[in-house]
Amino acid sequence: MQAVENFAPRVLAWFDEFGRKNLPWQQEKTPYRVWISEIMLQQTQVTTVIPYYHKFMASFPTVEALAAAEQDEVLAHWSGLGYYARARNMHKAAKMLVDELDSEFPQSVEGVCELPGIGRSTASAILSISRGVQAAILDGNVKRVLARFHAVPTWPGEKKTENAMWALAEHYMPAQRCGDYTQAMMDLGATLCTRSKPQCLICPLEKDCLGRRTEDPTQFPIRKPKKAAKPERSIQLLVLVNEDNQVFMEKRPQSGIWGGLWSLPELASEESVVLHVEQRFQTHIHNIAPLSAFRHTFSHYHLDIEPSQVRIGSIDAVFEAGKYQWFSLHEAFDLGLPAPVRTILTDLENTSC
DNA sequence: AACCCGGGGAG
DNA sequence: CTCCCAGGGTT
């Protein structure tokens, strides 16, 4: 691939005139604030992140505050953002920073990569933006800009292609103003060199863009090979309500889907609610009310959820502390909940029984 | 290299 | 509905 001159200066000049510079994490660009923003922005769009970022910073303004927090509290702030391992890793990294690194963010990309949840691209973004370190990023935006600019004919998910794009990213990275360049490339990709309807006419790279010379620039980057149709699964989720109007919640294991979040008892679709509840809770059922079923779609499968509300009598059984707990509806909303569970409880509250 | 992990916005 | 987003971790 043939590189061109003046790549970075053109991008920087565009950024100076048209780029966004008022996003929340672009103010007071400390390593901590930039770090949190980069984690939240992984696979997540800017408009989604903004309210989460404000709340998170209000509750955990420093790395010390984050390290001192309970995991439940951190996950509660993440509830609805998805990819919850991001929050667990971030919390762990905060503890490492405070306990082992004297709250001092590492100075090198390799050092930052030692922290859980931070890879090469995120590490370079944090260090270049917050400290001006000369380091290249290769996120979705940069991949798209470079793939179009060079009309890269192969899929970036392929190792060879990715390596070539890293080389390009490093080649174009400027010695001066690398932090601004990092933000400029992300902004260019997010606002101008977009997946669909790119605004080539006002792009600073238009003159030399090989993708632009093709019939359809949006064919780059080459799409990921299509995978098989998503499988479908169906489950029942139980909203167990006791005589004090409390709801029974279970804490999910740290690994796997919805790791560390509080969820509702889950039954196979064909399983009997009556038998299950009577066996597990050793109590009688006052009444069962089916709630409206709905579909929740993940990256790789559809989950059809059949919720029902089950009012039960008094409970004698003792449960392992910390893994199971009764909560009032009000308390439950402050927990880290998977999005569909939050939906069910919200509907329940609105139809207020 | 392939898969896992969420949720939402855009078309 | 499909595709993808300021990716990283695990196998």
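Computed from a predicted model, the values in this text were never measured in an experiment. Here is how names work: the chains are called A, B, and so on, in the same order as the sequence lines, proteins then strands, and each is numbered from 1.
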**Student:** Would you indicate which nucleotide in dG8(B), dG7(B), dG8(C) comes nearest to any side-chain atom of Q42(A)?
**Tutor:** dG8(C)

**Student:** Roughly how many Å is it from NZ in K224(A) to P in dC5(C), rounded to a whole number?
**Tutor:**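 Going from NZ in K224(A) over to P in dC5(C) covers 10 Å.
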
**Student:** For G256(A) and for G157(A), find the nucleotide of DNA chain B with the closest heavy atom, then tell me which residue's nucleotide is more 5'.
**Tutor:**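 Nearest nucleotide further toward 5': that of G157(A).
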
**Student:** For dG9(C) versus dG8(B), give the span between their P atoms, rounded off to a whole number of Å.
**Tutor:**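 24 Å, rounded to whole Å.
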
**Student:** Just call it for K159(A): base, sugar-phosphate, or nothing, with non-hydrogen atoms closer than 4.0 Å on any strand.
**Tutor:**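 Counting heavy atoms under 4.0 Å across all strands, the contact made by K159(A) is with sugar-phosphate only.
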
**Student:** What is the distance, rounded to the nearest whole Å, between atom CD of Q45(A) and atom P of dG7(C)?
**Tutor:** 10 Å

**Student:** When all nucleic acid strands are considered with a 4.0 Å heavy-atom cut-off, which category describes R342(A): base, sugar-phosphate, or nothing?
**Tutor:** nothing

**Student:** Just checking Y84(A) against W258(A), ring centres under 6.0 Å apart?
**Tutor:**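 No, too far apart.
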
**Student:** To the nearest Å, how far apart are I137(A) CD1 and dG7(C) P?
**Tutor:**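 After rounding, the reported distance stands at 9 Å.
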
**Student:** May I have the distance from Y83(A) (atom OH) to dC5(C) (atom P), rounded to whole angstrom?
**Tutor:** 11 Å

**Student:** Do R295(A) and E232(A) pass the salt bridge (charged side-chain N to carboxylate O under 4.0 Å, His left out) test, and can you show the C-alpha distance, the side-chain angles, and the key distance before you say yes or no?
**Tutor:** CA-CA 10 Å; R295(A) 170 168 283 198; E232(A) 303 179 348; 3.2 Å; yes

**Student:** Let me know the distance between CD1 of I39(A) and C1' of dG9(C), rounded to the nearest Å.
**Tutor:** 12 Å

**Student:** Heavy atoms from C-beta onward define the side chain here; which of dG11(B), dG7(B), dG9(B) lies closest to that of P340(A)?
**Tutor:**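 Closest of the options to the side chain of P340(A): dG7(B).
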
**Student:** Between N89(A) and R20(A), name the one whose nearest nucleotide on DNA chain C is closer to the 5' end.
**Tutor:** R20(A)

**Student:** Can you confirm whether more than 12 heavy atoms, excluding those of K55(A), are under 6.0 Å from its NZ atom?
**Tutor:** no

**Student:** On the side chain of T44(A), is there an atom forming a donor-acceptor pair with the base of dG6(B) - under 3.5 Å, no angle test?
**Tutor:** yes

**Student:** What is the distance, to the nearest angstrom, from the CZ atom on R88(A) to the P atom on dT10(C)?
**Tutor:**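 Spelled out: CZ on R88(A) to P on dT10(C) is 10 Å.
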
**Student:** Between atom OH in Y52(A) and atom C1' in dG6(B), what is the gap in whole Å?
**Tutor:** 10 Å

**Student:** What distance, rounded to whole Å, do you find between the two P atoms, one in dC4(B) and one in dA6(C)?
**Tutor:** 24 Å

**Student:** Categorize A339(A) for me: base, sugar-phosphate, or nothing, with a 4.0 angstrom heavy-atom threshold over every strand shown.
**Tutor:**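 Sugar-phosphate, no base atom in range.
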
**Student:** Mind checking if I129(A) touches a base, just sugar-phosphate, or nothing, with heavy atoms under 4.0 Å?
**Tutor:**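 Nothing, no nucleic acid heavy atom in range.
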
**Student:** Are the aromatic rings of F56(A) and H54(A) close, with centres under 6.0 Å apart?
**Tutor:**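 Not close enough - the centres of the two rings lie 6.0 Å or further apart.
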
**Student:** Pair S269(A), E306(A) - check side chain to side chain donor-acceptor pair (under 3.5 Å), show working.
**Tutor:** CA-CA 8 Å; S269(A) 177; E306(A) 306 154 6; 3.3 Å; yes

**Student:** Would you say the side-chain atoms of Q236(A) and E271(A) include a donor-acceptor pair closer than 3.5 Å?
**Tutor:**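 Looking only at side-chain atoms, E271(A) and Q236(A) do not form any donor-acceptor pair under 3.5 Å.
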
**Student:** Does dG6(B) have its OP1 or OP2 closer than 4.0 Å to a side-chain nitrogen or oxygen of R86(A)?
**Tutor:**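 Answer no for this pair, as no side-chain N or O of R86(A) is under 4.0 Å from OP1 or OP2.
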
**Student:** For residues F327(A) and W262(A), establish whether the separation of their ring centroids is below 6.0 Å.
**Tutor:**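 For F327(A) and W262(A), the ring centres are under 6.0 Å apart.
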
**Student:** Nearest-Å distance, CD1 (I118(A)) to P (dA6(C))?
**Tutor:**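 After rounding, the reported distance stands at 19 Å.
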
**Student:** What's V142(A) touching, base or sugar-phosphate or nothing? Going by heavy atoms closer than 4.0 Å.
**Tutor:**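 No contact at all - V142(A) keeps every heavy atom at 4.0 Å or more from the nucleic acid.
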
**Student:** Which nucleotide sits closest to the side chain of T48(A): dG8(B), dA6(C), dG11(B)?
**Tutor:**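 Shortest atom-to-atom distance from the side chain points to dG8(B).
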
**Student:** Looking at dC4(C), dG7(B), dA6(C), which one has an atom nearest to any side-chain atom of R223(A)?
**Tutor:**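 The nucleotide sitting nearest to the side chain is dC4(C).
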
**Student:** If you only use heavy atoms from C-beta on, which nucleotide in dA6(C), dG6(B), dC1(C) is closest to the side chain of N141(A)?
**Tutor:**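 Closest nucleotide to the N141(A) side chain: dA6(C).
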
**Student:** Using atom C1' of each nucleotide, how far apart are dG8(C) and dG9(B) to the nearest Å?
**Tutor:** 22 Å

**Student:** Please classify the nucleic acid contact of G189(A) as base, sugar-phosphate, or nothing, using heavy-atom distances under 4.0 Å.
**Tutor:** nothing

**Student:** Does a nitrogen or oxygen in the side chain of H296(A) sit under 4.0 Å from OP1 or OP2 of dG7(B)?
**Tutor:** yes

**Student:** To the side chain of T122(A), which of dG6(B), dC1(C), dG7(C) is closest?
**Tutor:**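 Of the options given, the side chain of T122(A) lies nearest dG7(C).
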
**Student:** Looking at the side chain of V46(A), which of dA6(C), dG9(B), dG9(C) is the nearest nucleotide?
**Tutor:**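 Nearest to the side chain of V46(A) among the choices is dA6(C).
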
**Student:** Within the 4.0 Å heavy-atom criterion, would you say W25(A) contacts the bases, only the backbone, or no part of the nucleic acid?
**Tutor:**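 If one applies the 4.0 Å heavy-atom cut-off, W25(A) turns out to touch a base.
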
**Student:** Return no unless some side-chain N or O of W78(A) is found under 4.0 Å from OP1 or OP2 of dG6(B).
**Tutor:** no

**Student:** Nearest to the side chain of I257(A), heavy atoms from C-beta on, is which of dG7(B), dC5(B), dG7(C)?
**Tutor:**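 Nucleotide nearest to I257(A)'s side chain: dC5(B).
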
**Student:** State, to 0.1 Å, how close L264(A) and F248(A) come at their nearest heavy-atom pair, and which atoms those are.
**Tutor:**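 Smallest heavy-atom distance, with atoms named: CD2-O, 3.9 Å.
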
**Student:** Picking from dG6(B), dG8(C), dC4(C), which would you name as closest to the side chain of R195(A)?
**Tutor:**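 Selected nucleotide (nearest to the side chain): dC4(C).
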
**Student:** Would you kindly compare S196(A) and P338(A) by the position of their nearest DNA chain B nucleotide and give the one closer to the 5′ end?
**Tutor:** P338(A)

**Student:** From the list dG7(B), dC3(C), dG9(B), which nucleotide is the closest neighbour of the side chain of T47(A)?
**Tutor:**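 Side chain of T47(A) sits closest to dG9(B).
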
